[in-house]
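Okay, structure first, notes after.
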There are 2 protein chains.
Amino acid sequence: MNARPTMQDVARLAGVSIKTVSRVVNNEPRVDPDTRARVQATIDELGFRRNEQARSLRPGQSSSLIGLVSGDLGNPFYSAIARGIEEITYEHGHLLLTASSEEQPERERQLIETYLQHNVAGLIVAPTLDAARTITPELLRGVPLVSVDRPVSDPDPFDTVLLDNRAGARRAVTQLIHDGHTRIAIIDGNPRVYTGQERTAGYLDALREAGITPQPNLMIHGHHGARHAEQATHALLSQEQRPSAIFATNNRIATGVIRALHARRRTLAVASFDDFEFADVINLPLTLVSYDAMDLGRAAAARLMQRIQGDASAPQRLTQPVTLRVPGDSS
Amino acid sequence: MNARPTMQDVARLAGVSIKTVSRVVNNEPRVDPDTRARVQATIDELGFRRNEQARSLRPGQSSSLIGLVSGDLGNPFYSAIARGIEEITYEHGHLLLTASSEEQPERERQLIETYLQHNVAGLIVAPTLDAARTITPELLRGVPLVSVDRPVSDPDPFDTVLLDNRAGARRAVTQLIHDGHTRIAIIDGNPRVYTGQERTAGYLDALREAGITPQPNLMIHGHHGARHAEQATHALLSQEQRPSAIFATNNRIATGVIRALHARRRTLAVASFDDFEFADVINLPLTLVSYDAMDLGRAAAARLMQRIQGDASAPQRLTQPVTLRVPGDSS
DNA sequence: GTGAAAGCGCTAACAT
DNA sequence: ATGTTAGCGCTTTCAC
């Protein structure tokens, strides 16, 4: 457990000044090759590693930390985003701090503050519902922030990377209509959630374009989570005017719908925002809005890297494309 | 973008010395209540936040950073572990750095070094295959490390948190035997991977206990990933002596097996290490070794917290329990 | 109860 | 090509 060696230690042992060691460590040019070799040998011998905290303490020297606040790292959607972010930040020599807000605005604010105390060079946040109230430019003091999956507010003072929620939903529902469906139900989660709102708008777009009048009793909201969606599906199928297809606005809802149909041994067309493994193995006609969640993360991280490198242009809203996938249909 | 205020700024504005500000920030006792209130007011007014890098620069003052190196954060197994770790470290006021080794020992070593440069208080690693060569006590210089899912080496100089791989596999295969199966195939990934080895050993345990002689042509190895497992399943079903049940040593392999069976419209009993969503909706007799991956992370983080708090006892090997689950069987 | 001064490990500015 | 010095923001003696 010998203490960690410092530049001073290396300098003493190599018989040079600390600044020369610094030059070698930072690959600065004006060092005699012999000196450089000698210093390097001492560094290797001692196993010296530069203390990053001390380095980034100097003003101007920004830290190489990036902070990520996601909704829930345990959710594959968020962890794929995190993976994409990690890929880009790693390439740029940054380290990634991760934490989950658990959709609690207070925890989100608290995490951002803690990150700022650690001098992060930038932040990526999947904002909670009430982020607009807590995440403000004053809180950030110039540290760049990119939001992902949802905007912080509208209009948005920050860069944002979103999915094309509305168009994706419209295309999925239009597909169902093409397949002959007219009684298409929608099951959505918390109506305050941005993505659900957009996807619901896309559903209505598709109906309107086809001249179909939306039926209130086919539009179920507030049923987030697989369990609620399962109950909602049972309710839908028990009512008078039954749907012939169901659009689930996300994969947890789709899971509930599929469970309920399985329990009732009923075959209904199911469309879902979010693709999932096993879609190919399920004996139901599926229409999936598919996309690469890692790409969302990559795009957000790439934008943040630009900001860190000094880009001061107006906040951007980037929309990532989605595609329609019909399992078993190899066209 | 006014610069971030320092203790010095607070001190000047409050008309006290920097040390008094420090006392207030750190909740030290010997401060006059009035002074404390005045300083606190100034802190709030300026939005002062202590610079954590500067604080932990002082020797003794450990940083509140924990470093996690997982195989692939995009894999739900690892992200669940990460979530469990995050939960515990958050409770203890630590922040979590995350990165993926992508199963490359060199990248793993590199990440650990980078973490150490950032003065992490401790490390949690899901070791790669060749971790024993790179992760050594010399590299770590006294920074505690806990490995998770796989041991670094055997015997292990570090704490390790593992699943009960062998017993879980044995129980799953024993269940298949109880159900009347005697020709039980196993599909495993890379034979050098610890978990696969243990699970294969459990498979053999179960056969031996039942007096069944292992059939080499029913034991497929080296087929990691869903795609390979799919091919392996097709090969198994094309041969003379066909199995009536298949044990998949992890969920990606199980996915491949299920895909192949679905393509052939064949019903076979399938056992799998790892539970998965949709298990309830698949029309195959399944036997699943189930466990809580978050608990793995929680246990690893809890052990690390003990080490950070000074526990210097001998390295422990903790084994987390697994349970058998038969979907549809509500007993 | 409060403050002055030293120093953590490093880099930037300015010598030599 | 190399060294000296100051100082980043904070905590820690040790005075007062």
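First the proteins, then the strands, lettered A, B, ... as listed; each starts at 1. A quick note: this is a predicted structure, and the numbers were derived from the prediction, not measured.
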- prompt: Do B:E86 and B:R298 meet the salt-bridge criterion of a basic N to acidic O distance under 4.0 Å?
  reply: no
Below 4.0 Å: OP1/OP2 of D:dT11 and any side-chain N or O of B:S22: yes
- prompt: Whole Å only: how far is the CG atom of A:N51 from the C1' atom of D:dC8?
  reply: 13 Å
message: How many whole angstroms separate atom CD of B:Q53 from atom C1' of D:dG9?
response: 10 Å
- request: Would you kindly give the CG-to-P distance between A:L116 and D:dG9, to the nearest whole Å?
  value: 16 Å
field: Contact under 4.0 Å: B:R49 side-chain N or O vs D:dG9 OP1/OP2
entry: no
query: Taking the side chain of B:V16 as heavy atoms from C-beta outward, which of C:dG3, C:dT2, C:dG9 is closest to it?
result: C:dG3
- prompt: Looking only at side-chain N and O atoms, does A:T6 come under 4.0 Å of OP1 or OP2 in C:dG9?
  reply: no
- request: Establish, with yes or no, whether the OP1 or OP2 oxygen of C:dC8 is under 4.0 angstrom from a side-chain nitrogen or oxygen of B:R58.
  value: no
Carboxylate-amine/guanidinium contact A:R150 A:E108, below 4.0 Å: no
message: Contact between B:T89 and B:L95 at the side-chain level, heavy atoms closer than 4.5 Å - yes or no?
response: no
- prompt: Of the nucleotides C:dT11, C:dG1, D:dC10, which one has an atom closest to the side chain of B:I18?
  reply: D:dC10
query: Atom CZ of B:R30 and atom P of D:dA15: how far apart are they, to the nearest Å?
result: 16 Å
task: Rounded off to whole Å, could you give me the CG-to-P distance for the B:D9 and D:dC8 pair?
output: 11 Å
- request: Describe the nucleic acid contact of B:V25 in one word from base, sugar-phosphate, nothing, applying a heavy-atom distance below 4.0 Å.
  value: nothing
message: Assess whether a salt bridge exists between A:R303 and A:D311, defined as any Lys/Arg side-chain N lying under 4.0 Å from an Asp/Glu carboxylate O.
response: yes
- prompt: How would you label the contact of B:R55 with the nucleic acid (heavy atoms, under 4.0 Å): base, sugar-phosphate, or nothing?
  reply: sugar-phosphate
- request: Report yes if a side-chain nitrogen or oxygen of A:R23 is closer than 4.0 Å to either non-bridging phosphate oxygen (OP1 or OP2) of D:dG3; otherwise report no.
  value: no
message: Would the base of C:dA4 count as contacting B:K19 through its side chain, where contact means a donor and an acceptor less than 3.5 Å apart?
response: no
- prompt: Hey, does the side chain of A:N26 come within less than 4.0 Å of C:dT11's phosphate (OP1/OP2), counting only N and O?
  reply: yes
query: Looking at C:dG1, D:dC10, C:dG9, which one has an atom nearest to any side-chain atom of A:L57?
result: C:dG9
- prompt: So does A:S17 get a side-chain nitrogen or oxygen closer than 4.0 Å to the phosphate oxygens (OP1/OP2) of D:dT2?
  reply: no
query: To the nearest Å, how far apart are B:H118 NE2 and C:dC10 P?
result: 13 Å
message: For B:R30, is there an ion pair with B:E28 - N to carboxylate O distance below 4.0 angstrom?
response: no
field: Distance in angstrom units between A:R12 CZ and D:dG3 P, rounded
entry: 14 Å
query: Rounded to whole angstrom units, what separation is found between the CD atom of B:Q117 and the C1' atom of C:dC10?
result: 13 Å
message: Please determine whether a side-chain nitrogen of the Lys or Arg among B:R192 and B:D130 lies less than 4.0 Å from a carboxylate oxygen of the Asp or Glu.
response: yes
field: Phosphate OP1/OP2 of C:dC8 contacted by B:S56 side-chain N/O (<4.0 Å)
entry: no
